Structure formats: C-alpha cells, structure tokens
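Below: one structure, written as structure tokens.
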Amino acid sequence: MELPNKYDPSLTEDKWYAYWIKNKFFHSEPDGREPYTIVIPPPNVTGVLHMGHMMNNTLQDLLTRRARMMGKNALWVPGTDHASIATEAKVVNRLSSQGIRKRDLTREQFLEHAWAWTEEHGGIILKQLRRLGASCDWDRTAFTMDETRSESVLKVFVDLYRKGLIYRGLRMVNWDPKAQTVLSTEEVVYRDEKSKLYYLRYYVADAGSNPVKPTGEEGEVLHRDENGRYYAVVATTRPETIMGDTAMCINPKDPKNRWLSGHKVTVPLVGRTIPVIEDRYVDVEFGTGCLKVTPAHDVNDYALGKTHNLETIDIFNPDGTLSEAAGLYVGMDRMDVRKRIAKDLENSGLMEKVEDYENKVGYSERNPDTAVEPRLCKQWFLSMKHFADIALPPVLEGKIKFHPAKYVNIYRTWLENIQDWCISRQLWWGHRIPAYFLPVEEGREEVFVVALTPQEALEEARRQKGFENVKLEDLRRDEDALDTWFSSWLWPVSLFNGINDPGNREIEYYYPTCDLVTAPDIIFFWVARMIMAGEEYMKDVPFRNVYFTGIVRDKLGRKMSKQLGNSPDPIGLIEKYGADGVRLGIMLCTSAGNDILFDEAQVELGRNFSNKIWNAFRLVQGWTVEEKPQGEADRIAVEWFRSEFNRTLEQVNEDFSRFRINDAVMAIYKLFWDDFCAWYLEIVKPGFADGRQIPMDKATYEATVSFFDSLLKLLHPVMPFITEELWQNLEPRKDGETIMLERIPDVEKYDEKLISDFALATEAIASVRALRQQKNISPKEPLRLQVRKDGYPQNMSSVISKMANVSSIDVVDEVDTSVAGQSFLVGTVQFFIPLEGMIDVEEERTKILAEIQRYEGFLRGVEAKLSNERFVANAPAQVVELERKKQSDATSKIASLKERLETLK
RNA sequence: GAGGCUUUAGCUCAGCUGGUUUAGAGCGCUUGCUUGACAGGCAAGAGGUCAGCAGUUCAAAUCUGCUAAGCCUCACCA
C-alpha cells in the first residue's frame, strides 16, 4: 500500500469514530470485571465547546481509554446541565429581541420557549466532544432536567425537608436585580472597585433639648453650621439608600461622638427623624465613626436592626429601581439615583465632602455587570452543618484524594465556615419546588406542605389542623425553582438512578466513581456538595480522586475571553491539526492545579508528532523479510529497546498513578520519538544495495512489529485516531477488532545494565558525530576508533560502528596517542579517533586545558569535602564512598587529559 | 484583614526522602545537512549567581526565617 508522506487526520477520524460507535465499544454494562467510572462535569446544555472543555474532556477520555485498556470495565457517562440562571437569561434575551416580555407570558408558555431553545441549541457541545474522540457511553446521555434526574431532585428535596434539613426562612439574601432572583453566597463574586465615600450631614433633630456640645474647639467648628445648628457627619458609599435609614449608630466607647448619645437626627433630604443608637459593632476609626443604619439593604445593618428593634424600610423594587416606600426618586434605577442624590445633597448643603474610595462590590456570577443587592426575603434553605460534618472526614482522611493536595485546605476552610445554602431561585427554568401553600386569610402566617405530587400534597394538607376539607385546586404550588447545583450535586448518584431505585444493579456496580476531572472554581458549588450528597444517600464517597485542572490562558497569561478574541475555536484547531494533535498538545502542557498557557505551537507539535508516527509506520511497512541470521547490532537494539520500553512503561504507570499526566505523556512522546525512531529504527533500518532495499531478518522484523504494536497501545489513550488507523494496518485484522479493547502491556523485567551501556554508546556516537561536524568530516567517510577497555561495554561495538559510521573499533589496554587524533571521554571510558593531518593542535590544546580546568575545579570541591573531618565522620558511608569514587575518577580523567596534552606538543 | 501557593535556561515547567560526576526536559534559538520514513525532518550546539538576604547542616535549588514580586481562596468594616 502506498501511503502519502503526510498524515491526513481528516481521512481517519470520522471513519474510526463511526466504527467505534457502530460496534458499541464505548458502551458499558455491569459485569464481573472491575469497574472504572467517570461522570462528566455536565456542561451547560446550550453551551459550545471552549478550550477549557477541550482540556478537561481530553483528560477524562485519556483516563477512560487507559482504564479500558488495562482490562477494566470503563464507563464515561456524558450529559448536560440545565443551567437555570444562564439558560433562562438567554431565553429571556431572545424573547425580548422578538418583542416578547417574560412577564407577559405564563409559566407554561415560557417553559415552552425554553424547551424549544434547549432543543435548538442543546447537545451541540456533545456533538463537538465526538470530534475530539470522546469515548462516552452515549446511550447513557443524561440531562439534569430529564425525567429520572428531575424525580431524583424532588425526592431528595422532600426527603431533606422531612429530615428537618430544609427550611423556609426570612433572611438577608443576595439579590440579582437583572435576573431577578436570589443567589447563594457562592454565586456572588467580589471585585475591587474605585468608588466614592460620601460624607453626609445628619442634623440633630432635638436641638431644642440642648444637646451636649461636642468636646474640643475643633468639634465646635465641625459640628455646628453657620446658623448654630448641630449636626453629625456620616460616611457612606451608598447615599441612594438614605431613604431606608432607620437609625444612626455610634460606638459607645467613642469619645468624639459621645455628645450624640441619646439624641435623634434627621435623615438628609428625606427629613425623617431617626434615633442615634449605640453598638460596639461600629468601627471608631472608620469615617467619622457615625454609621447610617439601613436594615433592609445591608447585612450588618439588618443585624443591627434586629438587636435594636429598628424599623425596616425596603426602598427597592425587585428590578433595582426605587419603590414607593422610598418616597423620593421613585422608579429610578439605584445606580442613577446615586449620581442624582449626590448632586441634590450637594445643592442642599448637606454634603460635607466626597473622597475617592476603593471597596469590594459583590457582582452576580452569572450577570457580571450586575451588582448584587442584599435583600430581605423569604427563601428555602438547606441547613449545612450536618453536611459539613459528613463531607469533611473523607477528604481529610484521604478516602478522596485531591490532586493537587493544596485544595484540601481550601475545602476544609470552606466547610468549617459554611453557611446555609439558599436553594430557591425566582426562576421558571429548573426544578419547581414541591411545596404547596394552603389558603390562609390575608395577613396570617403562611402554611405549606411539601410532597412529591399534588395528590400527596393534598393528603398531607388534609392532615393539617383546620384544612381537613381543603381541595386540590386550593393548593398553590411554590413558584420558585431550585438552584441548578441542587440537581448537579446528585449527579454521580442520579446518573445510575440511585435515588429513585436505591440498591439497583447499576448503582451498586458503578458507584463510587473513580476519578473526577473538574475546574477548581466549582470546588464549593459542585465537588463539595457531591461529596455531601454521596455521603448522605450512598453512605460512601462519590469518587476517589479529584483532578483539578487549571484555567486555560493564552500564551501571555491572559484569561481567554470573547472580548479579547484570544480564544481559539476548538473545532477549527481540530480541523487544522487533527484531534490527536490537539489532544497531545494540550496534554503536554497540563499539570494538576496549574493554569495552562495555551500556544498554538503546542498543538502544532502534536500534529508533527502524529506525522512522525505516521512516517515511522511507512518505514516499517515498506520492509521485506527473508530467512537469514540476525545481525549483532540488530540483536542488541532489540534487547535494548525491550528494556527501555519497559523502563519507560514503569515510569508512565507511576506518573499516571500520581496524576502527573503531562509527565506521563512526555515520557511516551520521548519513548516513541527519541528511543524508538531516532535510535532503534535507525539501527535496524536496512540499507540499500543496487538501488534495492536489503531484506531484513525475521527476528528483527517481528520484534519491530511487536514494539510498534505496544507503542500504539501505549499511545492510544492520548491519540486514539491515528493509533487505531495504524494498528488496523500493522497486521491483518478482522472486522470488529479494535485497539481500544486491547491490553496495554504489563511491565516486564528489564536490564538496567543494558540501558546504561546503551546510553554510553549513544554518547560515544554523539561525540563522534560532533567531531565530524567540527572537523568537517562527512558522515559518509568511515572512521576508526580506539577505546580503552576499562569500563567499556564491548557488546556495544556493533551499535557504535553502525551509528557513528566507524569501520573498526580496537579495544585496547591503553589508547595509542602517538598518532595525531582526537580523544574524548564518555563517563570514565576513553575513546580515541586517529585523524592524521585533520586536527588543529593549538585549538585542541586549548580545549583540553579547559577540560582539565573543569575537572580540577570539580576535584577541588570533592577534596574539600573529603578533607573535612566532620563530613567523613558524619555522612553515611556510601556517600563518603561515592565522593572517593568521584575523586579517583576525576583524578584519572585529569591524568589522561594531561597525558594527551603531552602528546600534542 | 486572615490563610495558602509560586519564583530554576529566552518561554513553559521537572527536580519526589537534603548527597549520583559543581542543575534537567520540551519548545524556541544558533550551526550544518536535498535520494530512499519524515524539512511537519535529521544531526550537532549555545544558553542558568536555582528571586534576594540571613540561618540550620559535614553537605542546601531542596529545610527555617525575613524581604521582594506575582497568583489563589476566604472575610460584614460603612
């Protein structure tokens, strides 16, 4: 078969993927083998593939394929996430572009649009994963809102409610005014922001009752205006909230504000009179030491309001505009009000000054332009104390291993300071909370029941006192949906239907899963909560290893973003470099927990490597065989490569077991390119005679094919397509055979002496080649070589002869340096090449002198150690012995170099 | 503000339990290579005060402390 000299991935990738699918090689069913399970971190159902996914999913595929080729029953379960906030936002946007407002639709109408959108865009990302070669069991593709998963979510909600772990409560929560829903504390991201600190005058309202004068002359001036009226000054970053002020607070230990104690002040512009309260919460040093208290719009103020029994005035509408309760600026957005009120305060002489100020402002994780508002409302919460208690031990005790381990601390800190999880969202796209409110009179406290179905809810309701005759249509189901993560946290369990059908064959077999590959930014959102759910519902961990990837950045270290345009299109890369090339390139630069700086040169390297493999195959494929004895160099090469392969295999296994994926992949890369191609194949490659390739002996040929076979297997998990293509052509295969289901060889014993002897030979060869280059001697001109027999592995002569084009190697007691020539050392072995008339004596002397200097310096260091009595007395015997060996080696090297110098005179 | 991590060749990173020939890899760079696998290649090279300072030790890139720069996580200071 005539093969082109360039590998063309487009001719193989789709073909083999279709073959794998047709033969159901990705499909897994429970059986007697050891299971290996990975569940995909479900991407947003309407998302598209980005570089982060590429890395993450290549890793998962690599691990899955490798496990499969180690004889395990490997299963990688794919699926998508309904991503309630993100998807709902997209649907709302699309509707608004069609002139439809969400609030004009019923819930059912809106959900129809949302499902249509999901069907339209859903699953694109899963199709893209196929291009990458992902060996997911597509028959098991799941969705967080499909029937099984939805049922699981509702069951868990009901169960946790009955266990008393879910409660409904009035709390200060984080409100996203754009999405118009609450968020959990984890969904708020804080950003440093340059803002202003406004100093506002709050006049003392009961001046008639002779307030205690501010102490000190300075105070007199500061706190009294030209009309003699006293005032306090409050520093705030949020002047737009003054309409909600219900107190001013000072620290009781603050002498400079003592005079305000017990008085009342007037809120500027608003004119409302509010009390001055005292609380040690107030920082005396900050601003003026006077704090305005707005219980409805600040977490701390809310706490103050509770302890001091203050009125709460909510001045915002859900969309962030000012409500009727504000009295002023009604209907304006809060951010506009801030600018406007600053001017108005200024004009009314109520603004003392404005300072630049840097503070942290919380933004919505999903709507990064929207500042989150603290807001008081009634929501559903999951009590976390219990879950923290069950989720911490498995990680601390090492039942679950984090790679890298540094995340254990982060995990621990979070769990030890955990807050209750707000799980309700004011969204429609999601799992609707299975709570039903019963009809009560206006103003009475709400009464509700929690049940899986309306029918069960009705039965439950009728057991409530006073509701014995309630009817189904009287029940009003809670409008809210659940936080998306409230379904994702069940993923490793719900994928195997472990909630709805506990103890079923699949959950028993596949759970716990083995490895989880995910990004560290969802450690709290997802990883921690899966551990909680796993422990709660399976009484066991959901996975044994968590591999945290880094963030994919561009080569300048910037995050990839649409705005910067620095995010390559993954499918474009696959088309340009081949999926195998992209996979290899990315795998070479990942390491657990470290960000990767992506450079297209990386995948170019991967493409080049594909080509290297391809051409190595072309070489081997073109060989002919005849009956003849195996040559000596060939025999050594075969034995050596067998050892080298096993040594590397051992290293690769070790690297994989420690999740040092890039090291493992690099080791395989070097094994193939450097050891197999550059050394092994070059040694056994037959020459040409009379314009025809010399046939090769059977033993060498068969060894080579078997090495190629092993190498392809080792490479397959990283580069599935090209390895399948070549494996299929390496020997005749039957339909239905695949490299995917072959076994990666086990490590066999190897000969370390042979490996080190061969290393010496390669160094000697490199030295001869270097010499040729320096002296301008053609590689084709044969040279003769002398070698001093001490420490020289004579079995390497045939290899050296062939690779360095040396016509004869004389192994001698002492090299004959009486003729002109060049000597060199490999380790302690001395080589000499006679080169009559080919060397420049002066240049040679300079070089040898430099060499002597280097060794003398080294020797001085060694001797300094050895002459140090404390070293000889304290260091372990073998370390001292080693130093002695270094000393004698260096001494003999120097001696031989000096001798050589003599002969050059 | 509290904890944690990082700093080794031009770039990205190894260097694991202090000791193995006075530091390794990949990429990049330099030089030389056109007939038999591959220029997406082959061969040979250059390149380092291991961030700085002080300490512990017979011995430090490796352990400790301080300093500097960068990054991450958490935290209610208006």
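Naming: A, B, ... by sequence-line order, numbering from 1 per chain. The figures here come from the full heavy-atom set of this structure, side chains too, leaving out hydrogens, waters and symmetry mates. Computed from a predicted model, the values in this text were never measured in an experiment.
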Problem set entry | Sequence neighbours excluded - salt bridge (Lys or Arg N to Asp or Glu O under 4.0 Å) pairs with any residue from residues 651-663 of chain A | A:Glu654-A:Arg658, A:Arg660-A:Asp663
Exercise. So what stems show up for RNA chain B if we need 3 or more Watson-Crick or G-U pairs in a row, all under 3.5 Å?
Worked result: B:1-7 with B:68-74, B:10-13 with B:24-27, B:29-33 with B:41-45, B:51-55 with B:63-67
For this session: Could you tell me whether A:Lys865 and A:Glu883 have a side-chain N and a carboxylate O separated by less than 4.0 Å?
Result: yes
Exercise. Does the side chain of A:Tyr363 come under 3.5 Å of the side chain of A:Glu193 through a donor N or O and an acceptor N or O?
Worked result: yes
Exercise. Under 3.5 Å, is there a donor-acceptor pair between the A:Glu725 and A:Trp614 side chains?
Worked result: no
For this session: Report which part of the nucleic acid A:Gln878 touches: base, sugar-phosphate, or nothing (heavy-atom distance under 4.0 Å, all strands).
Result: nothing
Exercise. Any luck finding a side-chain donor-acceptor pair between A:Lys292 and A:Thr241 under 3.5 Å?
Worked result: yes
For this session: Look at all strands and tell whether A:Ala678 reaches a base, only sugar-phosphate, or nothing, counting heavy atoms closer than 4.0 Å.
Result: sugar-phosphate
Exercise. Going by atom types only, do A:Tyr577 and A:Ser610 share a side-chain donor-acceptor pair under 3.5 Å?
Worked result: no
Exercise. Is the shortest side-chain N to carboxylate O distance from A:Lys802 to A:Glu682 below 4.0 Å?
Worked result: no
Exercise. With a non-hydrogen cut-off below 4.0 angstrom, is A:Val879 in contact with a base, only sugar-phosphate, or nothing?
Worked result: base
For this session: Answer with base, sugar-phosphate or nothing: what part of the nucleic acid does A:Trp673 contact at a heavy-atom distance below 4.0 Å?
Result: sugar-phosphate
Exercise. Contact class for A:Asn611 (heavy atom, under 4.0 Å): base, sugar-phosphate, or nothing?
Worked result: base
For this session: Tell me which of A:Met666 and A:Lys6 sits closer to the 5' end of RNA chain B, going by the nucleotide each one is nearest to.
Result: A:Met666
For this session: Between A:Lys406 and A:Pro876, name the one whose nearest nucleotide on RNA chain B is closer to the 5' end.
Result: A:Lys406
Problem set entry | A:Thr294 versus A:Asp245, side-chain donor and acceptor atoms under 3.5 Å | yes
Problem set entry | Flag for A:Thr704-A:Tyr680: side-chain donor and acceptor within less than 3.5 Å | yes
Exercise. So what does A:Val282 hit on the nucleic acid, given a heavy-atom distance under 4.0 Å: a base, only sugar-phosphate, or nothing?
Worked result: base
For this session: Go through RNA chain B in 5' to 3' direction and return only the first and the last nucleotide with some atom under 4.0 Å of chain A's heavy atoms.
Result: B:U12 to B:A78
